[in-house]
K.L.:
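The following block contains the structure, expressed as structure tokens.
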Number of protein chains: 2
Amino acid sequence: MNLTIKRFADEADVGVETVRFYQRKGLLEVPEKENPAGGIRRYGEGDVRRLRFIRKAQRAGFTLEEIKTLIELDANYDHERAHAFATARLRALDAQISELEKARASLRYLAEQCKHQTSGPCPIIAAFEA
Amino acid sequence: MNLTIKRFADEADVGVETVRFYQRKGLLEVPEKENPAGGIRRYGEGDVRRLRFIRKAQRAGFTLEEIKTLIELDANYDHERAHAFATARLRALDAQISELEKARASLRYLAEQCKHQTSGPCPIIAAFEA
DNA sequence: ATGGGGTCCGTACTATAGTACGGAGTCAAG
DNA sequence: CTTGACTCCGTACTATAGTACGGACCCCAT
């Protein structure tokens, strides 16, 4: 594990530019160059874990700004705030999931309607009412 | 129901600017002005239904572009495509929901960890591994 | 009939999350 | 010891979904 930026990015299925973008945002650290005064930066296991965490947290609905906060809380062992933060996001996540489940019900209903009716209206807009 | 744009926007809890934005995007129609050659546009029940649909579909994870397509399918009674579209989105929605459920499990675990440990690490990043 | 709030429309600006580009420098294999 | 792929860094550009602004016009109540 002493990866070039390209191989590092590949570890989490992101592009090199995305890694640099996260670095600029302060989500990833910029490792020192090995030979000072010019050279190439290398990435290790910790970096890979962090990058993968960013992607997972993102899929969990956190913004990059929030993820930055999470990383800081993690680094600082800040239990109080981490707990509050997790709980808040948990609530939001519950709301979001139930929103999506409602939408899923609407879509299922819609798909059924459209499948069995070959003529007449296929009420997309109406399917979402209620 | 013969609303001014402000009252119309209020019906779906959006701003006037947002209504105009949706009109520019082709998601909402721009009603005729009553007295031709200058005046004010009025919005009716159909417009309100449409606007509410847009917000609901958005919460369901559709982009405005997709919502535009849905509205067109609805208008055209296009069963085939509407069914395909609904089915595709249904699959995406299932994936999204299960992603969020995974995240929820991680967050629950994290919240528990942070709650019961008053010292030592509160492993935010670790909570998302697995 | 006039004043103030609402409307119209175009243009510009914002935030989020990247993606692309260009030139200079670096590294490793042949 | 060169060549070609990769790296570095800054700047610019993209898409999505709005939000704000400014001048002209409109309408209703006093």
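FYI, side chains are in, hydrogens and waters are out, and symmetry mates aren't considered; it's all heavy atoms of this structure. Keep in mind that what you see is a predicted model, and the values were worked out from it rather than measured. Proteins get letters first, then strands, A, B, ... in listed order; numbering begins at 1 in each.
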K.L.:
Hey, can you pull the residues of residues 12-19 of chain B with a non-hydrogen atom under 4.0 angstrom from DNA chain D?
P.N.:
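DNA chain D contact set from residues 12-19 of chain B: B:Glu17, B:Thr18.
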K.L.:
Quick one: which of B:Asp74, B:Ile54, B:Leu70 gives a side-chain contact (heavy atoms from CB on, under 4.5 Å) with A:Ile125?
P.N.:
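Result for side-chain contact (heavy atoms from CB on, under 4.5 Å) with A:Ile125: B:Asp74.
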K.L.:
Other residues, nucleotides and ligands only: do more than 12 of their heavy atoms fall within 6.0 Å of CD on B:Glu45?
P.N.:
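Result for CD/B:Glu45: open.
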K.L.:
Let me know the distance between CD1 of A:Ile5 and C1' of C:dC27, rounded to the nearest Å.
P.N.:
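Distance check: A:Ile5 CD1 to C:dC27 C1' gives 16 Å.
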K.L.:
Rounding to an integer number of Å, can you tell me how far A:Leu3 CG sits from D:dC8 P?
P.N.:
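One finds 12 Å between P of D:dC8 and CG of A:Leu3, rounded.
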K.L.:
Please answer whether the main-chain N or O of A:Ala12 pairs with a side-chain N or O of A:Arg52 as donor and acceptor at a distance below 3.5 Å.
P.N.:
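No.
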K.L.:
Mind checking A:Arg20 for me? I need base, sugar-phosphate or nothing, with any heavy atom below 4.0 Å counting as a touch.
P.N.:
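Here A:Arg20 touches the bases of the nucleic acid.
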K.L.:
Rounding to an integer number of Å, can you tell me how far B:Gln23 CD sits from D:dA17 P?
P.N.:
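Rounding to the nearest Å, CD of B:Gln23 and P of D:dA17 are 17 Å apart.
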K.L.:
Donor-acceptor check, side chain of B:Glu66 to backbone of B:Thr63, threshold 3.5 angstrom: yes or no?
P.N.:
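A pair under 3.5 Å: yes.
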K.L.:
A:Arg50 side chain to A:Leu27 main-chain N or O, any donor-acceptor pair under 3.5 Å?
P.N.:
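The answer is yes, because a donor-acceptor pair under 3.5 Å joins these two groups.
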K.L.:
Look at the side-chain N and O atoms of A:Lys6 and state whether any lies under 4.0 Å from the OP1 or OP2 oxygen of D:dC8.
P.N.:
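For D:dC8, neither OP1 nor OP2 has a side-chain N or O of A:Lys6 closer than 4.0 Å.
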K.L.:
Just compare C:dT7, D:dT7, D:dT19 and give me whichever is closest to any side-chain atom of A:Ile40.
P.N.:
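Taking heavy atoms from C-beta onward, the closest nucleotide is D:dT7.
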K.L.:
Calculate the interatomic distance between B:Lys25 atom NZ and D:dA15 atom P; express it in whole Å.
P.N.:
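In whole Å, D:dA15 P lies 10 Å from B:Lys25 NZ.
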K.L.:
Could you tell me whether the side chain of A:Arg55 and the main chain of A:Val14 form a donor-acceptor pair under 3.5 Å?
P.N.:
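Flag not set: sc A:Arg55 to bb A:Val14 has no pair under 3.5 Å.
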K.L.:
Does D:dC9 have OP1 or OP2 under 4.0 Å away from a side-chain N or O of A:Arg41?
P.N.:
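For D:dC9, OP1/OP2 do have a side-chain N/O of A:Arg41 under 4.0 Å.
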K.L.:
Need one value for A:Tyr22: base, sugar-phosphate or nothing, where a base atom within 4.0 Å counts as base even if backbone is also close, heavy atoms only.
P.N.:
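Result for A:Tyr22 = sugar-phosphate.
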K.L.:
Rounded to the Å, how far apart are B:Phe62 CZ and D:dT16 P?
P.N.:
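For the pair B:Phe62 CZ and D:dT16 P, the rounded distance is 16 Å.
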K.L.:
Which of the following nucleotides, C:dT7, D:dC28, C:dC8, is nearest to the side chain of B:Arg42?
P.N.:
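Nearest nucleotide to the side chain: D:dC28.
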K.L.:
Would you say B:Thr4 places a side-chain N or O within less than 4.0 Å of OP1 or OP2 belonging to C:dT7?
P.N.:
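Yes, within the criterion.
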K.L.:
Take atom CZ of B:Phe21 and atom P of C:dC13, then tell me their distance rounded to the nearest Å.
P.N.:
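Checked: the CZ to P distance equals 17 Å.
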K.L.:
Kindly check if the number of other-residue, nucleotide or ligand heavy atoms within 6.0 Å of CD (A:Glu80) is above 12?
P.N.:
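No, because the 6.0 Å sphere around CD of A:Glu80 holds 12 heavy atoms or fewer from other groups.
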K.L.:
Between D:dG18, C:dG18, D:dC8, which nucleotide gets closest to the side-chain atoms of B:Leu64?
P.N.:
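It is D:dG18.
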K.L.:
Rounded to the Å, how far apart are B:Tyr43 OH and C:dG6 P?
P.N.:
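About 16 Å, once rounded to whole Å.
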K.L.:
For a quick check of understanding: with a heavy-atom distance under 4.0 Å over all strands, which category does B:Arg24 fall into, base, sugar-phosphate or nothing?
P.N.:
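Contact class for B:Arg24: base.
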K.L.:
Using atom NZ of A:Lys68 as one end and atom P of C:dA17 as the other, report the distance to the nearest whole Å.
P.N.:
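Going from A:Lys68 (NZ) to C:dA17 (P), I get 12 Å.
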